Amino acid sequence: MKEERKKIISLISVGAVLLFLVVAYFTTTEDTVQESFWSLLPPLIAIVLALGTKEVYSSLFIGILSGGLLFSGFSFEGSIRHIFMDSIIPVLSTSSNVGIICFLVILGMMVQLINKTGGSRAFGEWTKGVIETRSGAMLATVALGCLIFIDDYFNCLTLGSVMRPVTDKHRISRAKLAYIIDTTAAPICIIAPISSWAAAVSGFVEGEDGMKIFLETIPYNFYALLSICMMLFLIILKVDFASMWVHERNAEEKGDLFTTAERPYGEGEEDKGKTGSIPDMLVPIFLLILSCIIGLIYSGGFFAGADFITAFSHSDAPTGLVLGSFMALVISLIYYLSKKAISFQEAMNCLPEGFRQMVPAILILTFAWSLKAMTDSLGAKEFVSELVEGRADTMLSFLPSFVFLIAVGLSFATGTSWGTFGILIPIVVGVFDKSDYNMMIISISSCMAGAVCGDHCSPISDTTIMSSAGAQCVHLNHVSTQLPYAILVALVSFFAYIMAGFIKNPWVSFSAAAILLFFILLQIKHIQVEREEERQRRKRRVLR
């Protein structure tokens, strides 16, 4: 029955995509698609196909192809030229994108080195006496994720490398690990004053004190704050729902960490012949954190005379992370070779293997970036800007909730938070004057929260992709299990922004929303307990 249902869903999603393209063929031209609803069609096609067919690579490419067809007026030659000459090749020649790919590759190499020396296994064995429960392992992962607030890319891959051996030992599904990683990435970075995200947001607030505004938006960033609450409530109440419940039950009862048969990243097991030691795990991670911090402030001009805060706010994250991770890799190699934890030949063999482990993430990122470039070429930014500006002056108290929904939709469709900030924050700043400064802060917060929410939900978001890579989880498993959780938090956040628009008090709005979220999860657990008791009663009746 499940296979039949999957086939039906796949056929429906493919049929819907074909219908959209046929309608577009007969109703659009090269000019009419620009800055119109049709500019959002390529990412929507990719998302519908990915969720319907469970084929992420083909879905992303078909989304890119549909954008090329729309841009060129369904000309074959024009479509192919636009896809490669204006999308794929440019995104792969952009220094920041190449930097992120290099960072991924270096992280993959370091993970392989740690596994090869037995460091991961030694760390996992050590945690048995320190972390004794599944809840403890998840709380430890959350705590470490909250501490790595410098950059979301860095968070995703470092947290996965450190905590994957621990969560595996306690039979926590890779989908649950990916959810924790993703929820301690962007939602933490967007409320951390010392982070690459704070610097980015500050730069979008023209004509104002960007950092001051960022600090004032933190209490109103309901989606980020409630996402953290959601994680803690799920762990404390020991409750899961939707497809995550299936993954967690399979992991806990059967030892199946993946549920699905697909293993794109491999098992990543360490060499069974290596005994390893805890420093073999911790020293490279410590070097990585320290080196990346140095790399970030170096890229911001710290060693050229800028103070630490200024250097950090002006840092170039891809450049700093690449320089830092490379230095960490070199020093880690010297460390391992000097203590004879690994031979030179074994170390060199880890490098291409680490690259191979990251190929799925790199391929998805390349397609996601190309899809964003395609969407930009169709004028999606201009379309959304006009849409928001045309409605910003109506029902002022509802504006924060309205901006939140627009930001969620734009970020979900394009897979980028920062792009959403760049479009919406200047509009929000322009709508308000000094006499309504408080409402401007609330609306900027709702924009930031919505952007993170859409990014959190989107299968084409680079942060979502790298969370899957960090947890070594099947990407669409991560998306499908995280989506119900993110939607629940988004609905509660929407309610909080309606309250905030009227009462203009972050603590009352947040407290009410957090209490509502807690009682919803409590009710879900109550329903699950009743269903389990009923299942056990039926089982006993059958045995009789």
Side-chain angles (χ1 to χ4, degrees), residues 1-6 8-10 12-13 47-54 56 134-135 138 141-142 167 171-184 187 223 226-254 256-262 408 412 452-461 463-464 467-468 471 473-495 513-514 516-535:
M1 288 295 293
K2 286 184 178 180
E3 290 299 322
E4 289 297 324
R5 188 164 64 248
K6 287 180 181 178
I8 291 171
I9 293 172
S10 296
I12 291 173
S13 60
I47 291 165
V48 168
L49 284 178
L51 296 178
T53 65
K54 308 299 182 185
V56 66
R134 296 180 83 250
S135 296
M138 286 187 276
T141 307
V142 171
T167 56
R171 294 190 171 190
I172 296 166
S173 68
R174 292 292 177 84
K176 189 62 172 287
L177 175 60
Y179 166 70
I180 294 174
I181 291 172
D182 209 349
T183 310
T184 55
Y223 181 81
L226 290 171
S227 292
I228 299 167
C229 291
M230 176 80 164
M231 272 192 309
L232 297 176
F233 292 162
L234 290 170
I235 295 169
I236 294 167
L237 294 174
K238 296 181 180 179
V239 60
D240 283 292
F241 58 92
S243 54
M244 184 72 83
W245 179 80
V246 178
H247 280 257
E248 280 292 88
R249 187 179 64 173
N250 286 339
E252 187 172 9
E253 296 179 1
K254 303 176 185 178
D256 180 4
L257 303 178
F258 298 89
T259 296
T260 55
E262 190 180 357
V408 169
F412 181 80
V452 171
C453 177
D455 183 84
H456 211 190
C457 296
S458 178
I460 61 175
S461 159
T463 310
T464 307
S467 297
S468 301
C473 170
V474 178
H475 180 56
L476 285 178
N477 285 351
H478 170 43
V479 173
S480 62
T481 52
Q482 177 167 271
L483 196 57
Y485 289 9
I487 289 173
L488 175 58
V489 177
L491 291 173
V492 176
S493 299
F494 179 71
F495 161 76
L516 175 62
L517 181 62
F518 180 81
F519 278 103
I520 290 173
L521 293 176
L522 203 60
Q523 184 63 25
I524 290 172
K525 181 173 183 178
H526 178 67
I527 293 171
Q528 287 181 344
V529 169
E530 286 186 341
R531 287 179 178 175
E532 181 62 25
E533 289 175 351
E534 179 62 25
R535 189 175 71 87

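All figures in this text were calculated on a predicted structure; none of them were measured in a lab.
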Got [X] and [Y] here, is their nearest side-chain heavy-atom distance under 4.5 Å?
| X | Y | answer |
| --- | --- | --- |
| Y179 | H247 | no |
| V142 | M138 | no |
| V489 | Y223 | yes |
| L521 | L488 | yes |
| F241 | P484 | yes |
| H478 | S467 | yes |
| D455 | F412 | no |
| N477 | T259 | no |

Measuring from [X]:[atom1] to [Y]:[atom2], what's the distance to the nearest 0.5 Å?
| X | Y | atom1 | atom2 | answer |
| --- | --- | --- | --- | --- |
| Q528 | Q523 | CD | CD | 11.0 Å |
| S13 | I8 | OG | CD1 | 12.0 Å |
| L516 | F495 | CG | CZ | 6.0 Å |
| I172 | L257 | CD1 | CG | 9.5 Å |
| T183 | L234 | OG1 | CG | 9.0 Å |
| F233 | I520 | CZ | CD1 | 11.0 Å |

Whether S243 side chain and S480 backbone form a donor-acceptor pair below 3.5 Å: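 Side chain of S243 to backbone of S480: a pair is present.
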Out of V452, D182, I181, which one pairs with T463 under the side-chain contact (heavy atoms from CB on, under 4.5 Å) rule?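 Answer to the side-chain contact (heavy atoms from CB on, under 4.5 Å) test with T463 among V452, D182, I181: D182.
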Show every salt bridge (Lys or Arg N to Asp or Glu O under 4.0 Å) that has at least one partner inside residues 227-241, sequence neighbours left out.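 As it turns out, the salt bridge (Lys or Arg N to Asp or Glu O under 4.0 Å) pairs with a partner in residues 227-241, which skip direct neighbours, are K176-D240.
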In plain terms, say whether R171 and E248 are close enough for a salt bridge, that is, a side-chain N and a carboxylate O under 4.0 Å apart.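 Judged by the 4.0 Å cut-off on N to carboxylate O distance, R171 and E248 do not form a salt bridge.
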Under a 3.5 Å threshold, yes or no: a donor from one side chain and an acceptor from the other, between Y485 and H456?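 Result is no, nothing qualifies.
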Pair S468, H475: side-chain N/O donor-acceptor within cut-off below 3.5 Å: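 Yes, because at least one side-chain N or O of S468 sits under 3.5 Å from a partner of the opposite role on H475.
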